[in-house]
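Quick caveat: nothing in here was measured; it's all calculated off a predicted structure. Note on naming: letters A, B, ... go to the chains in the order of the sequence lines (proteins, then strands), and numbering restarts at 1 for each one.
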Protein chains: 2
Amino acid sequence: MSPLTNKRVTRQRQLVYDCVIDRKDHPSANEVFVDLQSSGIGLATVYRQLSAMVDEGILKSFEHSGQIRYDRLVTPHAHFVCSVCDEIWDVDLPKNIFSMAPVESNADIEELDLTWKGICKACK
Amino acid sequence: MSPLTNKRVTRQRQLVYDCVIDRKDHPSANEVFVDLQSSGIGLATVYRQLSAMVDEGILKSFEHSGQIRYDRLVTPHAHFVCSVCDEIWDVDLPKNIFSMAPVESNADIEELDLTWKGICKACK
DNA sequence: AACATAATGATTATCATTATCATTAAGAAA
DNA sequence: TTTCTTAATGATAATGATAATCATTATGTT
Ligand SMILES: [Mn+2]
Ligand SMILES: [Mn+2]
Ligand SMILES: [Zn+2]
Ligand SMILES: [Zn+2]
C-alpha cells in the first residue's frame with residue numbers, strides 16, 4: 001500500500017487498493033467488488049474502504065452515470081468521456097486553467113472538475 | 001411554454017417548466033415536486049417531464065451530490081459549487097475554452113462540463 | 001497469550017430514479 | 001360540441017446504488 005495511513009492494514013484494504021491501482025480505469029465500487037469476488041470480501045467493505053481512501057486523499061472520486069467512480073490519479077487532471085461507449089480517459093488540464101477561475105463568485109477556488117464529452121476514436 | 005415541442009401541452013408540463021424557469025437555481029426533481037405540491041401533480045410526472053425536456057433540449061441536467069439537477073440555462077456555461085453550503089452558481093466559461101480541448105483523445109468534442117469548487121463569499 | 005477495539009460481512013434500510021398499468025384528458029376528427 | 005384516439009398522468013411497485021446496523025473477527029498492542 002502507498003505511503004501510509006494511520007489505519008489498520010487489513011487484507012481487504014490491500015485488496016481494494018491494489019485493485020484500483022492495477023486497473024488503469026475509473027472503476028465503480030461494484031466493479032472492484034466483482035474483481036475481488038474470489039477473495040470473499042464483502043460488498044460493504046469495498047464501499048467503506050473506497051470512500052475511506054477518498055477521505056484520506058489516497059484516491060479521488062467523481063460521479064458518472066448515476067454512480068461513484070474511483071480514480072487512482074490524485075493529481076489535477078481532466079477527463080474525456082465518450083458519449084457512445086461511455087468510457088472515460090484521463091487527459092491533461094488546459095495550461096494555466098487555474099488562472100481562468102471565475103471572478104463572479106469572488107471565492108477562492110480549491111479545485112475544479114473538467115470533463116470533455118465527444119465520440120472517441122474507436123466509436124468514430 | 002417556450003417555443004415549440006411536438007408534445008401535448010398538459011397543465012403538468014406547464015407547471016414543471018414554469019417552476020424550473022422561475023426558480024433561478026438548479027433544482028432536483030424532488031425540489032420541483034415540493035414546489036408544485038399544491039397542484040396535486042404526481043412525482044413520477046415531474047421526473048418524466050424533466051427528463052423529457054432534457055431530451056428535447058429545453059433544459060439541461062447534471063449530477064450533483066447523488067442526484068440529478070436541472071438547469072434552465074442551455075447555453076454553454078460553467079458552475080461554481082461551494083464546498084460548505086453546497087450551493088451552485090452559474091459562471092462564465094473561460095474564454096476560448098473549446099480551443100483547449102485535449103488532443104490526446106483525438107476525438108471531436110461535443111460539449112464540456114466544468115465545475116469550480118471552493119468556499120463561497122457567504123460561507124467565508 | 002491476552003486484550004482492546006477497529007474492521008469486516010451479512011443484512012437491512014434509505015434514497016433517487018424508473019417501470020407498470022389502470023385511468024384521465026389533450027387534441028384531432030366528426 | 002360530442003366522439004374518438006392515444007399520449008400523459010398518478011399511485012404504486014421495482015430497481016439500483018449506497019449507507020447503516022450489529023454481531024463476529026482479527027489487527028496491533030501490551
Ligand atoms: Mn482520472
Ligand atoms: Mn447552470
Ligand atoms: Zn467510444
Ligand atoms: Zn457557501
Side-chain angles (χ1 to χ4, degrees), chain A residues 1-20 23 25-56 58-71 81 86 88, chain B residues 1-20 23 25-56 58-71 81 86 88:
Chain A
M1 166 100 44
S2 90
L4 291 322
T5 131
N6 44 6
K7 294 193 173 295
R8 292 184 182 177
V9 178
T10 61
R11 188 177 63 92
Q12 292 85 341
R13 185 173 169 83
Q14 275 290 353
L15 287 167
V16 169
Y17 182 74
D18 291 346
C19 176
V20 176
R23 297 179 60 119
D25 58 349
H26 302 85
S28 64
N30 194 65
E31 286 174 327
V32 171
F33 176 63
V34 168
D35 275 12
L36 302 178
Q37 284 285 13
S38 60
S39 75
I41 195 172
L43 179 59
T45 300
V46 174
Y47 272 99
R48 266 186 306 241
Q49 284 294 350
L50 287 172
S51 65
M53 290 175 193
V54 170
D55 291 345
E56 296 159 25
I58 297 175
L59 298 178
K60 291 216 302 190
S61 69
F62 56 93
E63 301 181 50
H64 174 71
S65 298
Q67 51 188 31
I68 301 174
R69 299 310 197 92
Y70 294 90
D71 199 331
V81 174
D86 212 43
I88 306 167
Chain B
M1 168 101 45
S2 89
L4 294 326
T5 133
N6 46 5
K7 294 193 172 295
R8 292 185 181 176
V9 178
T10 61
R11 188 178 63 91
Q12 291 85 341
R13 186 172 168 82
Q14 275 291 353
L15 287 167
V16 168
Y17 182 74
D18 292 346
C19 176
V20 176
R23 297 179 60 118
D25 58 350
H26 302 84
S28 65
N30 193 65
E31 287 173 327
V32 171
F33 176 63
V34 168
D35 274 11
L36 302 179
Q37 283 286 13
S38 60
S39 75
I41 195 172
L43 179 58
T45 300
V46 174
Y47 272 99
R48 268 186 307 242
Q49 284 294 349
L50 287 172
S51 64
M53 289 176 194
V54 171
D55 291 345
E56 296 159 25
I58 297 175
L59 297 178
K60 291 216 302 191
S61 69
F62 58 92
E63 301 180 50
H64 174 73
S65 298
Q67 52 188 33
I68 302 174
R69 297 310 195 93
Y70 294 90
D71 198 331
V81 175
D86 212 43
I88 306 166

> Taking only residues two or more places apart in sequence, or in another chain, which ones meet Arg23(A) in a side chain to side chain donor-acceptor pair (under 3.5 Å)?
Replying inline: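 Arg23(A): side chain to side chain donor-acceptor pair (under 3.5 Å) contacts with Asp25(A), Asp35(A).
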> Can you name the residues that form a side chain to side chain donor-acceptor pair (under 3.5 Å) with Ser65(B), not counting sequence neighbours?
Replying inline: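 Once residues adjacent in sequence are excluded, the partners of Ser65(B) under the side chain to side chain donor-acceptor pair (under 3.5 Å) criterion are Asp86(B).
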>> Near DNA chain C, counting only heavy atoms under 4.0 Å, which residues of residues 60-69 of chain B show up?
In response: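 Those residues are Gly66(B), Gln67(B), Ile68(B).
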> What is the bend of the helix from dA1(C)-dT30(D) to dA30(C)-dT1(D) when you compare the axis at one end with the axis at the other, using five pairs each and rounding to 10°?
Replying inline: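 Helix axis angle between the two ends: 30°.
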For [X], give me all partners under side-chain contact (heavy atoms from CB on, under 4.5 Å), at least two apart in sequence or on another chain.
X        : answer
Val34(A) : Asn30(A)
Ile88(A) : His26(A), Phe62(A), His64(A), Arg69(A), His79(A), Val81(A)
Glu63(A) : Glu63(B)
Leu36(B) : Leu15(B), Val16(B), Cys19(B), Val32(B), Ser39(B), Ile41(B)

Roughly how many Å is it from [atom1] in [X] to [atom2] in [N], rounded to a whole number?
X        : N       : atom1 : atom2 : result
Lys7(A)  : dT5(C)  : NZ    : P     : 16 Å
Gln14(B) : dA8(D)  : CD    : P     : 14 Å
Glu56(B) : dA7(D)  : CD    : P     : 15 Å
Leu15(B) : dA26(C) : CG    : P     : 12 Å
Leu50(B) : dA8(D)  : CG    : C1'   : 15 Å
Phe33(B) : dT12(D) : CZ    : P     : 12 Å

> So, the side chain of Gln14(A) versus the backbone of Arg11(A): is there a donor-acceptor pair under 3.5 Å, distance only?
Replying inline: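 A pair under 3.5 Å: no.
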Output a table of nitrogen or oxygen pairs between the protein and nucleotides 9-11 of chain D separated by less than 3.5 Å.
{"from": "dT9(D)", "atom 1": "OP1", "to": "Thr10(B)", "atom 2": "OG1", "distance (Å)": "2.7"}
{"from": "dT9(D)", "atom 1": "OP1", "to": "Gln49(B)", "atom 2": "NE2", "distance (Å)": "3.2"}
{"from": "dT9(D)", "atom 1": "OP2", "to": "Gln49(B)", "atom 2": "NE2", "distance (Å)": "3.0"}
{"from": "dT9(D)", "atom 1": "O3'", "to": "Gln12(B)", "atom 2": "NE2", "distance (Å)": "2.9"}
{"from": "dG10(D)", "atom 1": "OP1", "to": "Gln12(B)", "atom 2": "NE2", "distance (Å)": "3.0"}
{"from": "dG10(D)", "atom 1": "OP2", "to": "Gly42(B)", "atom 2": "N", "distance (Å)": "2.9"}
{"from": "dG10(D)", "atom 1": "OP2", "to": "Thr45(B)", "atom 2": "OG1", "distance (Å)": "2.8"}
{"from": "dG10(D)", "atom 1": "N7", "to": "Arg48(B)", "atom 2": "NH2", "distance (Å)": "2.6"}
{"from": "dG10(D)", "atom 1": "O6", "to": "Arg48(B)", "atom 2": "NH1", "distance (Å)": "3.0"}

> Counting only side-chain N and O atoms of Tyr47(B), is one of them less than 4.0 Å from OP1 or OP2 of dT18(C)?
Replying inline: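 Looking at the OP1 and OP2 atoms of dT18(C), neither is under 4.0 Å from any side-chain N or O of Tyr47(B).
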>> I need the Glu56(A) CD to Lys7(A) NZ distance, nearest 0.5 Å.
In response: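 That separation rounds to 5.0 Å.
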>> Nearest 0.5 Å, please: how far is CG in Leu50(B) from OH in Tyr70(B)?
In response: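 Result: 5.0 Å between the selected atoms.
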>> So which atom in Tyr17(B) and which in Ile58(B) form the shortest heavy-atom distance, rounded to 0.1 Å?
In response: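 Closest heavy-atom pair between Tyr17(B) and Ile58(B): CE1-CG2, 3.2 Å.
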> Between Val46(B) and Ala29(B), what is the shortest heavy-atom contact and its length?
Replying inline: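 The pair with the smallest heavy-atom distance is CG1-O, 3.4 Å.
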>> Under the side chain to side chain donor-acceptor pair (under 3.5 Å) definition, can you give me all pairs with a residue in residues 42-54 of chain A, not counting sequence neighbours?
In response: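 Side chain to side chain donor-acceptor pair (under 3.5 Å) check on residues 42-54 of chain A returns Arg13(A)-Gln49(A), Thr45(A)-Arg48(A).
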Polar atom pairs between nucleotides 22-25 of chain C and protein, under 3.5 Å, N or O only, would you list them?
none

